[in-house]
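Have a look at the structure below before the remarks.
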Protein chains: 2
Amino acid sequence: MKDIARHAGVSQSAVSFALNGRPGVSDVTRDRVRRVAEQLGWRPSTAARALSGEGAATVGLVLARPADTLGVDSFFLQLVSGIQEVLAERHLGLLFQMAEDIADECAVYRRWWAEHRVDGVLVVDPRTDDPRPDLLDELGLPAVVIGGPPDERHLGLSTVWADDAGAMASVVDGLHALGHRRIVHIAGLPGLAHTERRIRTLRAEAGRRGLTEVESVTTDYSDAEGAAVTRRVLEGPTPPTALIYDNDVMAVAGAAAAAELGFSVPADVSVVSWEDSALCRMVKPWLSALSRDSVEFGRTAARELTALVDGGSARAVRVPVPRLIERGSTGVVRGA
Amino acid sequence: MKDIARHAGVSQSAVSFALNGRPGVSDVTRDRVRRVAEQLGWRPSTAARALSGEGAATVGLVLARPADTLGVDSFFLQLVSGIQEVLAERHLGLLFQMAEDIADECAVYRRWWAEHRVDGVLVVDPRTDDPRPDLLDELGLPAVVIGGPPDERHLGLSTVWADDAGAMASVVDGLHALGHRRIVHIAGLPGLAHTERRIRTLRAEAGRRGLTEVESVTTDYSDAEGAAVTRRVLEGPTPPTALIYDNDVMAVAGAAAAAELGFSVPADVSVVSWEDSALCRMVKPWLSALSRDSVEFGRTAARELTALVDGGSARAVRVPVPRLIERGSTGVVRGA
DNA sequence: CAGTCAACCTAATGCGTATTAGCCACTAAT
DNA sequence: ATTAGTGGCTAATACGCATTAGGTTGACTG
């Protein structure tokens, strides 16, 4: 800015006013300054900006998954892609960090806050009994919880969520209509909020219909556990006729395991994946899956966070309920 | 620091000396200051640090892939996981950005550089005729090219690479020993450096053995193109007996396509995937794959970048050649 | 006992930006 | 004709840290 001021023959303050659209300089001076700045390829130093109270122009995202459980995943990159799209427009940076566990993640938030490194954070994989909302509220760090249930207890936190309960109800509806009475839900990690929500809803829906042979089993989302649980339940005395998997990886692995045991999909057992991706179309038959727009999910979350950072008030935004794409893996119960 | 100074009864300078291990304060004072800092939960403001010449304590990574070609991927997250591990130790942040294309990516580097936002960058997906090394050299931004060939032309750039040529040679060796003479290589994106390297090596190896029915076909890495190319070559007059896929997604899709056409794997056609992941064990038979330690790859790259940022000189580091894991998808040629 | 030096500390400055206070010339209003 | 107001600018300050230049004390030396 010193250089620009010199070239344009004005003071640094005038340059600042001109470039930030503040009053205090004439239009001709403003234009001149802008041209010089352009020509010199000037960009404000984020450090200096941050130091003079403008915030860090950065939001944070930490992913707390141990490195070894990091498998094939399409959701996360798509989510980030959507987030980026919105952040890039506003020239906001995304600081990304991986953590070993939630405690580690909290430490990262604390550090970021103390270092004034981020203006806000995006929180993923909300849990039941999650310490993060409390912490972020305490720190006064604007945050958007992605995938969590609406949270009225924390006034600084926005929430972006899909109605898992509604989706689960519609899946059960569909399977029930096809004649399925014995359903097993191969769920994800036990501590996650949406896992518990789906399990609860499934139980409620089953109760409403008087279905007694419906259960949920939690896993670590891996193909190995997905296959193992599938084998276990199919080898039981009264095998289920429908399997609902909480992600695509387990669904594919589970379908393969079922085939190995001699169960034909969908004649003997129907399979539904709670995540749609290319994976679901790599096996025969193609898997029926709940599809959602993960990129748009990311966009929405980022938009909420920027609103919050700009001083807006927190709110809960609902994204469309995932839609069931019927493919070849679901059908009427044999003999029904 | 003002608060700490007040609490400890010394000047701000003394606090700075004490906390940064500089001489100029007695040991007792140093301890006292440190205790106070600890108690107050002090962390240096990155903005202020950066402003006073310490660098941004951040490195950048931009991924230039259009959002819609973002498919199932295990490599990238693992790479980032390794990168993080090293960066986190040194309390360096990772600024992540997605870009539409290489030009966009270059613009991001320019902006980051002008804004003093990063101390260095990690460059992925190097291309033949890549504009990025020139740009980064010109900007004087320390950089590590991940997966590129050693580059002596740019003195500020380190390179971390695996010997694709060696790996390709060993794969061809293996297939040749099994009796394969007609091999098709379903390659990745045409502009990428490693794609071209593998293609060149395959041609050279074929030439050395007098194999005339060996070819490479470039794709966009998607399951759709992987399957399409597979169908096309298998339906030709003299179908190949071995297929080498540049990633796991195409390998799986290709194997499925082959099966649909009535080709049995590996009796009629052998399949090798140039990327190992859970995917390769989700299909029957399990796919033989080239396995590499992507996490370690990331660690190495991050280590090189930190060395460079610390003022070290550029160099080319070779990571181990990917190893072929023989599973059920490769075998002797029928009738051999 | 004055002089020298080292140890320990404080004061002052700079980094690049935004902002606030102040200054000057000129116009409009009383 | 004086005053109040205003547009257009400059000077000065703050932000939080690192660093450099001083300054004070006490011990040690000749």
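Order of the sequence lines fixes the chain letters, A, B, ..., with proteins taken first and strands second; residue numbering starts at 1 for each chain.
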* Asked: Quick one: do the B/Arg117 and A/Thr58 side chains pair a donor with an acceptor below 3.5 Å?
  -> yes
[N] phosphate, OP1 or OP2, under 4.0 Å from [X] side-chain N/O:
X: A/Arg22; N: C/dA18; value: no
X: A/Ser16; N: C/dA18; value: yes
X: A/Ser13; N: D/dT10; value: no
X: B/Thr29; N: C/dC9; value: yes
X: A/Trp42; N: C/dG16; value: no

For [X] and [N], what is the distance between atoms [atom1] and [atom2] respectively, to the nearest whole Å?
X: B/Asp3; N: D/dC15; atom1: CG; atom2: C1'; value: 14 Å
X: B/Lys2; N: D/dA14; atom1: NZ; atom2: C1'; value: 9 Å
X: A/Met1; N: C/dC15; atom1: CE; atom2: C1'; value: 13 Å
X: B/His116; N: C/dG14; atom1: NE2; atom2: C1'; value: 15 Å
X: A/Asp27; N: D/dG8; atom1: CG; atom2: P; value: 8 Å
X: A/Asn20; N: C/dT19; atom1: CG; atom2: C1'; value: 10 Å
X: B/Gln12; N: D/dA14; atom1: CD; atom2: C1'; value: 13 Å
X: A/Leu40; N: C/dG16; atom1: CG; atom2: C1'; value: 15 Å

Can you tell if the side chain of [X] reaches within under 4.5 Å of the side chain of [Y], non-hydrogen atoms only?
X: B/Arg127; Y: B/Ile102; value: yes
X: A/His116; Y: A/Leu51; value: no
X: A/Val33; Y: A/Val10; value: yes
X: B/Val145; Y: B/Asp151; value: no
X: A/Phe96; Y: B/Ile83; value: no

* To do: Compute the bend angle of the helix from C/dC1-D/dG30 to C/dT30-D/dA1 from the end axes (five pairs per end), rounded to 10°.
  => 70°
Nucleotide N/O of nucleotides 21-23 of chain D paired with protein N/O under 3.5 Å:
none

* Residue pair A/Arg303, A/Glu85: steps toward the salt bridge (charged side-chain N to carboxylate O under 4.0 Å, His left out) verdict -> CA-CA 10 Å; A/Arg303 268 193 292 264; A/Glu85 209 175 287; over 6 Å; no
* Structure fact -> The single option from B/Arg65, B/Arg132, B/Arg111, B/Arg110 that satisfies salt bridge (charged side-chain N to carboxylate O under 4.0 Å, His left out) with B/Glu105 is B/Arg132
* Got a donor-acceptor contact below 3.5 angstrom from the B/Arg30 side chain to the B/Phe17 backbone? -> yes
* To do: Kindly say whether A/Ala193 contributes a backbone atom to a donor-acceptor pair with the side chain of A/Thr128 at under 3.5 angstrom?
  => no
* Positive for side-chain hydrogen bond (donor to acceptor under 3.5 Å, both in side chains) with A/Glu115, one of B/Arg43, B/His91, B/Arg49 -> B/Arg43
* **Residues touching DNA chain D, which here means a heavy atom under 4.0 Å, drawn from residues 47-59 of chain A** => A/Leu51, A/Ser52
* Select base, sugar-phosphate, or nothing to describe what B/Arg30 touches, counting heavy atoms under 4.0 Å on all strands. => nothing
* Asked: Should B/Glu38 and B/Arg35 count as an ion pair when the cut-off is N to O under 4.0 Å?
  -> no
* From the list C/dT17, D/dC17, C/dT10, which nucleotide is the closest neighbour of the side chain of B/Ser11? -> C/dT10
